[in-house]
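All of these numbers come straight from a predicted model, not from anything done at the bench.
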Amino acid sequence: MAAPLAILGGPPVRSSLLVFGSPLIGQPEIDEVVDSLRSGWIGTGPKVARFEEMFRDYVGARFAVAVNSCTAALHLSMLASQIGPGDEVITTPMTFAATANAIIHTGARPVFVDVDRGTQNISPDGIASAVTPRTRAIMPVHFAGYPCDMDAITSIASEHGLLVIEDAAHCVEGSFRDKKIGAIGDATCFSFYVTKNVTTIEGGMVTTNDRTLADRVKVSALHGLSRDAWRRFSDAGYRHYQVIAPGFKYNMTDVQASLGLHQLPRVGENHAHREQIWDRYDAAFADLPVDLPMRPSDGSVHALHLYTLHLRLNELSATRDEVLDALQAENIGCGVHYVGLHLHDYYQRAFGLSPDDFPESSYISERTLSIPFSAKLSQDDIDDVVAGVRKVLATYAR
């Protein structure tokens, strides 16, 4: 007879918590951070410049500007594109709050469009129907690392004279068919938050092929100064600067970039490891009352950032949150990506939204569960995740 769930008093599958999204940090990153601390240059300096160049080359864009978060990247990309009050930006409710908040902070209005249930990405047909004379940009989110249909999205944008500003927080390794994410839209915004596939603890990047946009982002990211800190205080001597725009404090530091300099070269190796984990999960969960996450079949590259299970609630005697609590009690850390923005109090009040407005996003919001999927996972960790998920769902199966 199977052991009872830990939440009901049984023994957990692990003796200690497996932290969800724990990053893989190696000795080279640690050494590089120490080198930065000892150098005395810990603000925005030469290592940020090296990381920008490395990332630019990786995605194949003409320009890359490092900032302190993907939220900052999104905000600055829109401001640099002169999006503001009276404008609309089409995006998805199936995302983290930062996507919509960055739009709101420009003074523009987010216009939400429902998603495809399988890919969890914004529907191009929905985008086309949502365009109005006030629409200035489309902001697709490459959910969990699955690339959006960029041919359809860029076609709609071209037809209506719109910008495409991509939220690629989940999609460092992604490609849409033969096009690398980061070199398709007018601007692409990446995240290097602690849980991401490439981490600088906190950090982000804007990539673009537009020199003017890149220059505006760089100036706005550091107070609107005409010269960044490295140029003002480097060994070339002090240089005067002018404030040429009312900028922000959104710059990345050399301490943060120190991690990225070693994280990015391992991106392929880590992606391959997560691919093995994905295949193991697919095989282990195929007979459970869940819908497994999709991968592209058109030659596109999934960045494999999140592994999300959609619970078949009609086949379970528990809600998603009860399953989550039970897994947590088994010491398997989990996440929810996401409860759609249209289900949150602020967006409902501010934009008059209700659950019925976006039925696919509502369906996902009630059922989605993300399980540990980091390149840091050992084989024992993976075995524990499999055991925990199978234990909980077998117990709750009707």
Exercise. What are the two closest heavy atoms between Met294 and Trp278, and how far apart are they?
Worked result: O-CZ2, 3.8 Å
Exercise. Can you name the one residue among Asn331, Leu327, Leu377 that meets side-chain contact (heavy atoms from CB on, under 4.5 Å) with Leu18?
Worked result: Leu377
For this session: Examine the side chains of Glu166 and Thr188 and answer whether a donor and an acceptor come within less than 3.5 Å of each other.
Result: yes
Problem set entry | Arg312 side-chain N/O to Pro289 backbone N/O, donor-acceptor pair under 3.5 Å | no
Problem set entry | Heavy-atom donor-acceptor pair, Asp116 side chain to Ile122 backbone, under 3.5 Å | no
For this session: State the CD1-CD1 distance between Ile138 and Ile90, to the nearest 0.5 angstrom.
Result: 5.5 Å
Problem set entry | Ion pair check, Asp345 and Arg349, cut-off under 4.0 Å | yes
Exercise. Looking only at heavy atoms, what is the nearest atom pair of Gly182 and Ala61, with distance?
Worked result: O-CB, 3.5 Å
Exercise. What do you reckon, is CZ of Arg398 surrounded by more than 12 foreign heavy atoms closer than 6.0 Å?
Worked result: yes
Seminar exercise, completed: Closest non-hydrogen atoms of Ile83 and Val89, given as atom of the first, atom of the second and distance, are CG2-CG2, 4.0 Å
Exercise. Salt bridge between Arg390 and Asp287, side-chain N to carboxylate O under 4.0 Å?
Worked result: yes
For this session: Could you tell me whether a side-chain N or O of Arg136 sits under 3.5 Å from a main-chain N or O of Gln82, the two making a donor and an acceptor?
Result: yes
For this session: Assess the pair Phe143 and His302: is the distance between their ring centroids shorter than 6.0 Å?
Result: no
For this session: For the pair Glu330 and Lys391, find out whether any cationic side-chain nitrogen is under 4.0 Å from an anionic carboxylate oxygen.
Result: yes
Problem set entry | Over-ring placement of Arg367 relative to Tyr363, 6.0 Å and 45° cut-offs | yes
Exercise. Under 3.5 Å, side chain of Asp114 to main-chain N/O of Ser123, donor-acceptor pair present?
Worked result: no
For this session: Compare every heavy atom of Ile165 with every heavy atom of Ser81, then report the nearest pair and how far apart it is.
Result: OG-CD1, 4.1 Å
Exercise. Are the side chain of Thr200 and the backbone of Leu259 linked by a donor-acceptor contact shorter than 3.5 Å?
Worked result: no
For this session: Can you label the angle between the Tyr338 ring and the Phe96 ring as parallel, tilted or perpendicular, going by 30° and 60°?
Result: tilted
Exercise. Looking at Val198, Val59, Val206, which hits side-chain contact (heavy atoms from CB on, under 4.5 Å) with Phe190?
Worked result: Val59
Problem set entry | Glu173 to Lys180 - nearest heavy-atom pair and separation | C-NZ, 3.4 Å
For this session: Decide yes or no on side-chain hydrogen bond (donor to acceptor under 3.5 Å, both in side chains) for Ser300 and Asp298, but give the supporting numbers first.
Result: CA-CA 6 Å; Ser300 297; Asp298 61 355; 2.8 Å; yes
Problem set entry | Side-chain donor or acceptor of Asn270 paired with backbone N/O of Val267 under 3.5 Å | no
Problem set entry | Modelled atom types, side-chain donor and acceptor of His342 and Ser362, under 3.5 Å | yes
Exercise. What pair of heavy atoms forms the shortest contact from Gly26 to Arg266, and how long is it?
Worked result: N-NH2, 3.9 Å
Problem set entry | Qualifying salt bridge (charged side-chain N to carboxylate O under 4.0 Å, His left out) pairs with a residue from residues 197-209, counting only residues at least two apart or across chains | none
For this session: Using a cut-off of 6.0 Å, state whether more than 12 heavy atoms not belonging to Tyr193 lie near its atom OH.
Result: no
Exercise. What distance do His305 atom NE2 and Ser370 atom OG have between them, rounded to the nearest 0.5 Å?
Worked result: 8.5 Å
Exercise. How long is the span from the CG atom in Asp321 to the CD atom in Gln328, to the nearest 0.5 Å?
Worked result: 12.0 Å
For this session: May I ask you to decide if Ser155's main-chain N or O and Ser158's side chain share a donor-acceptor pair within less than 3.5 Å?
Result: no
Exercise. What distance separates Ser175 OG from Met150 CE, expressed to the nearest 0.5 Å?
Worked result: 12.0 Å
Exercise. Should His310 and Glu366 be marked as a side-chain hydrogen bond (donor to acceptor under 3.5 Å, both in side chains) after you check the CA-CA gap, both sets of side-chain angles, and the distance that decides it?
Worked result: CA-CA 9 Å; His310 290 175; Glu366 293 177 355; over 6 Å; no
For this session: Examine the side chains of Ser354 and Gln348 and answer whether a donor and an acceptor come within less than 3.5 Å of each other.
Result: no
Exercise. If you measure from CZ on Arg117 to OG1 on Thr119, what distance do you get to the nearest 0.5 Å?
Worked result: 12.0 Å
For this session: Using a strict cut-off of less than 4.0 Å between a Lys/Arg side-chain nitrogen and an Asp/Glu carboxylate oxygen, indicate whether Glu52 and Lys47 qualify as a salt bridge.
Result: no
Exercise. Does the pair Arg134/Glu88 count as a salt bridge with the N-to-O cut at 4.0 Å?
Worked result: yes
Problem set entry | Check ion pair Lys179-Asp151 (N to O, under 4.0 angstrom) | yes
Exercise. Do you know which of Leu353, Val115, Ile364 makes side-chain contact (heavy atoms from CB on, under 4.5 Å) with Phe358?
Worked result: Leu353
For this session: Taking atom types as modelled, find out whether Tyr250 and His75 have a side-chain donor-acceptor pair closer than 3.5 angstrom.
Result: yes
For this session: Check for a donor-acceptor pair, side chain of Thr199 on one end and backbone N or O of Phe192 on the other, with a separation under 3.5 Å.
Result: yes
For this session: Applying side-chain hydrogen bond (donor to acceptor under 3.5 Å, both in side chains), run through Asp282 and Tyr307 and close with a yes or a no.
Result: CA-CA 10 Å; Asp282 274 0; Tyr307 190 93; 2.7 Å; yes
Exercise. Thinking salt bridges, do Asp383 and Arg280 make one under a 4.0 Å N-O criterion?
Worked result: yes
Exercise. Side chain of His344, backbone of Val339: donor and acceptor closer than 3.5 Å?
Worked result: yes
Problem set entry | N-O pairing of Asp381 and Arg14 below 4.0 Å | yes
Exercise. Taking the side chain from Ser36 and the backbone from Glu32, do they hold a donor-acceptor pair closer than 3.5 Å?
Worked result: yes
Exercise. Should we count CD1 of Ile42 as having more than 12 external heavy atoms under 6.0 Å?
Worked result: no
Exercise. How many angstroms lie between CD1 in Ile332 and CG in Leu324, if you round to the nearest 0.5 Å?
Worked result: 12.0 Å
Exercise. Can Asp87 and Arg109 be counted as an ion pair, charged N to O under 4.0 angstrom?
Worked result: no
